[in-house]
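All residue numbers refer to positions in the sequence shown, counting from 1.
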Amino acid sequence: MKIATWNVNSVRARQERLLNWLKNHQPDVLCLQELKCVEKDFPTEAVRELGYHAALHGQKTYNGVAILSKAEPQDVVQGISDDVEDPQARVVAATVNGVRVVSVYAPNGQAVDSPAYVYKLEWYTRLRRYLDTRHQPSQPLVLCGDWNVAPENIDVWDPALWEGQTLFTLRERDALQRLCAFGLTDTFRKLHPAEQKFSWWDYRELGFPKNKGVRIDHIFATAPLVERLEKAEIDREERKGKQPSDHAPVWAEFRS
């Protein structure tokens with residue numbers, strides 16, 4: 001079972017790239033983030049023609065997440081489903097072939113100690129509560145997405161420069177660690193403990209050609225899936241070419 005995640009940074013701007021990536025890589029599941037469209041504007045028919053179902057949680061202009069899967073998704077849930085009134089479309093979950101899949105677009109946080117940063121930390125607490133309420137670590141569960149946190153020094157191109165900046169502050173990294181303490185393993189780091197690869201590069205200042213990137217897109221899995229983990233990679237090639245997303249797809253493969 002091949003599961004991938006990709007922040008497409010506007011599905012309408014990147015529709016041709018999305019369809020080509022599906023054709024060429026044939027994942028069983030592809031989680032998408034930052035759709036920047038509502039459900040009616042998503043290319044559902046084009047995706048269906050390639051053999052994929054779509055579970056969506058869209059939002060006009062901002063955010064938006066999706067799960068595309070070859071098998072029809074079951075028990076689709078939008079949002080964190082708590083008592084917090086939150087209009088931001090950042091989470092959608094579904095069961096695919098017996099695996100609970102959650103597509104996640106974590107808040108960016110903008111500037112340290114800004115309202116957006118406080119929201120980000122609170123959002124991580126809410127997501128951990130969501131896991132504790134709905135799931136067990138013994139369940140086949142995978143959380144895929146743009147987490148807007150680089151976990152370790154190896155995940156940023158210049159740790160000294162990034163220290164204290166949004167995406168790499170200690171409080172954000174702690175929030176991600178507390179989430180993973182539920183029983184989640186970073187699939188890429190599991191198979192590549194000392195390899196430095198990035199998943200996001202700024203459009204500005206030749207960030208990609210100079211490889212000034214960070215690894216903020218992750219696939220986290222519970223033990224039943226980690227035991228079956230065979231491959232995990234970042235598709236850096238997709239960041240090249242005309243009008244790419246600033247994120248590269250990330251994927252993991254699990255044996256049946």
Side-chain angles (χ1 to χ4, degrees), residues 3-10 14 17 21 30-36 62-63 65 90 103-114 116-121 123-124 127 142-180 184-221 232-241 243-252:
I3 300 177
T5 186
W6 189 11
N7 179 324
V8 292
N9 189 15
S10 174
R14 242 66 67 179
R17 277 184 171 266
W21 200 87
L30 174 59
C31 295
L32 298 174
Q33 300 84 41
E34 212 168 349
L35 304 180
K36 295 183 178 179
Y62 302 104
N63 307 319
V65 285
R90 295 188 174 277
S103 181
V104 172
Y105 178 40
N108 175 276
Q110 297 179 2
V112 176
D113 292 329
S114 68
Y117 184 86
V118 173
Y119 167 75
K120 180 177 188 175
L121 299 180
W123 183 91
Y124 264 97
L127 188 61
V142 61
L143 282 81
C144 308
D146 173 3
W147 296 88
N148 271 313
V149 177
E152 305 172 30
N153 284 355
I154 194 174
D155 297 314
V156 296
W157 71 274
D158 186 338
L161 180 66
W162 272 93
E163 189 63 45
Q165 293 194 45
T166 309
L167 310 185
F168 196 59
T169 64
L170 183 58
R171 282 179 284 174
E172 290 167 289
R173 291 152 71 186
D174 284 348
L176 181 58
Q177 287 179 358
R178 287 194 297 273
L179 181 79
C180 290
L184 301 173
T185 295
D186 180 339
T187 55
F188 178 83
R189 191 55 68 211
K190 175 72 175 178
L191 297 186
H192 306 280
E195 186 173 0
Q196 187 177 59
K197 280 190 172 181
F198 307 131
S199 65
W200 176 85
W201 300 260
D202 200 318
Y203 287 127
R204 300 166 296 181
E205 299 179 359
L206 298 176
F208 181 68
K210 294 180 178 180
N211 202 29
K212 294 182 175 181
V214 296
R215 190 175 72 94
I216 56 175
D217 301 87
H218 313 296
I219 296 176
F220 297 120
E233 291 294 343
I234 300 172
D235 184 7
R236 191 179 189 276
E237 291 299 306
E238 186 58 37
R239 180 58 173 79
K240 299 178 180 178
Q243 292 185 319
S245 169
D246 45 357
H247 295 254
V250 177
W251 58 270

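- Ion pairing between a basic and an acidic side chain is recognised when a charged N comes within 4.0 Å of a carboxylate O; D155 and R173 show no such pairing.
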Starting from the C-alpha separation in whole Å, work towards a yes-or-no answer on side chain to side chain contact (heavy atoms under 4.5 Å, CB included) for Q33 and H247.
CA-CA 10 Å; Q33 300 84 41; H247 295 254; over 6 Å; no

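- Summarising the geometry, atom CG belonging to L206 is positioned 12.5 Å from atom CZ belonging to R204; distances are rounded to the nearest 0.5 Å.
- The SG atom of C144 sits 10.5 Å away from atom CG of L32, with the distance rounded to the nearest 0.5 Å.
- Here the closest non-hydrogen pair linking G164 and V112 is O-CG2, 3.6 Å.
- Looking only at side-chain heavy atoms (C-beta outward), E205 and K212 stay at 4.5 Å or farther from each other.
- For the residue pair K120 and W147, the shortest heavy atom distance occurs at CE-O, 4.4 Å.
- Side-chain atoms of D186 and C180, non-hydrogen and from C-beta on, never get closer than 4.5 Å to each other.
- Atom OH of Y203 sits in a crowded spot, with more than 12 heavy atoms from other residues, nucleotides or ligands closer than 6.0 Å.
- The closest donor-acceptor contact from the side chain of R90 to the backbone of Y105 lies under 3.5 Å.
- The neighbour count for E195 CD, taken as heavy atoms of other residues, nucleotides or ligands under 6.0 Å away, is above 12.
- Using a 4.0 Å cut-off between a side-chain N of Lys or Arg and a carboxylate O of Asp or Glu, E237 and R17 do not qualify as a salt bridge.
- For the residue pair D235/W21, the side-chain donor-acceptor check at 3.5 Å is satisfied.
- A distance-only check finds no donor-acceptor pair linking the side chain of T187 to the backbone of A232 [under 3.5 Å].
- To the nearest 0.5 Å, atoms CG (L121) and CG (L176) are separated by 11.5 Å.
- Considering CG of D246 and CG of D202, their distance stands at 7.5 Å, rounded to 0.5 Å.
- Between Y124 and the choices D174, N148, L179, the side chain to side chain contact (heavy atoms under 4.5 Å, CB included) rule is met once, by L179.
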Could you walk me through whether Q196 and N211 pass the side chain to side chain contact (heavy atoms under 4.5 Å, CB included) test, one step at a time?
CA-CA 11 Å; Q196 187 177 59; N211 202 29; 5.9 Å; no

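- The aromatic rings of F220 and H218 lie tilted to each other, with the angle between the two planes from 30° to 60°.
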Side chain to side chain contact (heavy atoms under 4.5 Å, CB included) between V214 and F168, worked out
CA-CA 9 Å; V214 296; F168 196 59; over 6 Å; no

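- Nearest heavy atom pair, residue V8 against residue E34, reads CG2-O, 4.1 Å.
- Here the CH2 atom belonging to W200 is positioned 6.5 Å from the CG atom belonging to L167, to the nearest 0.5 angstrom.
- Residues S103 and C31 approach most closely at OG-CB, 3.4 Å, considering heavy atoms.
- A heavy-atom distance below 4.5 Å is found between the side chains of K36 and N9.
- Distance alone, capped at 3.5 Å, places no donor-acceptor pair between the R239 side chain and the S199 backbone.
- Exactly one of R171, E172, Q165 qualifies for a side-chain hydrogen bond (donor to acceptor under 3.5 Å, both in side chains) with T169. That residue is E172.
- At a threshold of 4.5 Å between non-hydrogen side-chain atoms, the residues I219 and V142 count as touching.
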Let's go through T166 and Q110 carefully: what are the C-alpha distance in whole Å and the side-chain angles of both, what is the deciding distance for side chain to side chain donor-acceptor pair (under 3.5 Å) to 0.1 Å, and is it a yes or a no?
CA-CA 7 Å; T166 309; Q110 297 179 2; over 6 Å; no

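- At a threshold of 4.0 Å, the pair K197-E233 counts as salt-bridged, since one of the basic side-chain nitrogens sits closer than that to a carboxylate oxygen.
- Taken from OG1 in T5 to CG in L30, the straight-line distance is 7.0 Å, to the nearest 0.5 Å.
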Is there a side chain to side chain contact (heavy atoms under 4.5 Å, CB included) between R236 and F208 once you walk through the steps?
CA-CA 10 Å; R236 191 179 189 276; F208 181 68; 3.5 Å; yes

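- Summarising the geometry of F198 relative to R215, their closest heavy-atom pair is CD2-N, 4.0 Å, with the distance given to 0.1 Å.
- When side chains are defined from C-beta on, W251 does not count as touching W6, because their heavy atoms never get closer than 4.5 Å.
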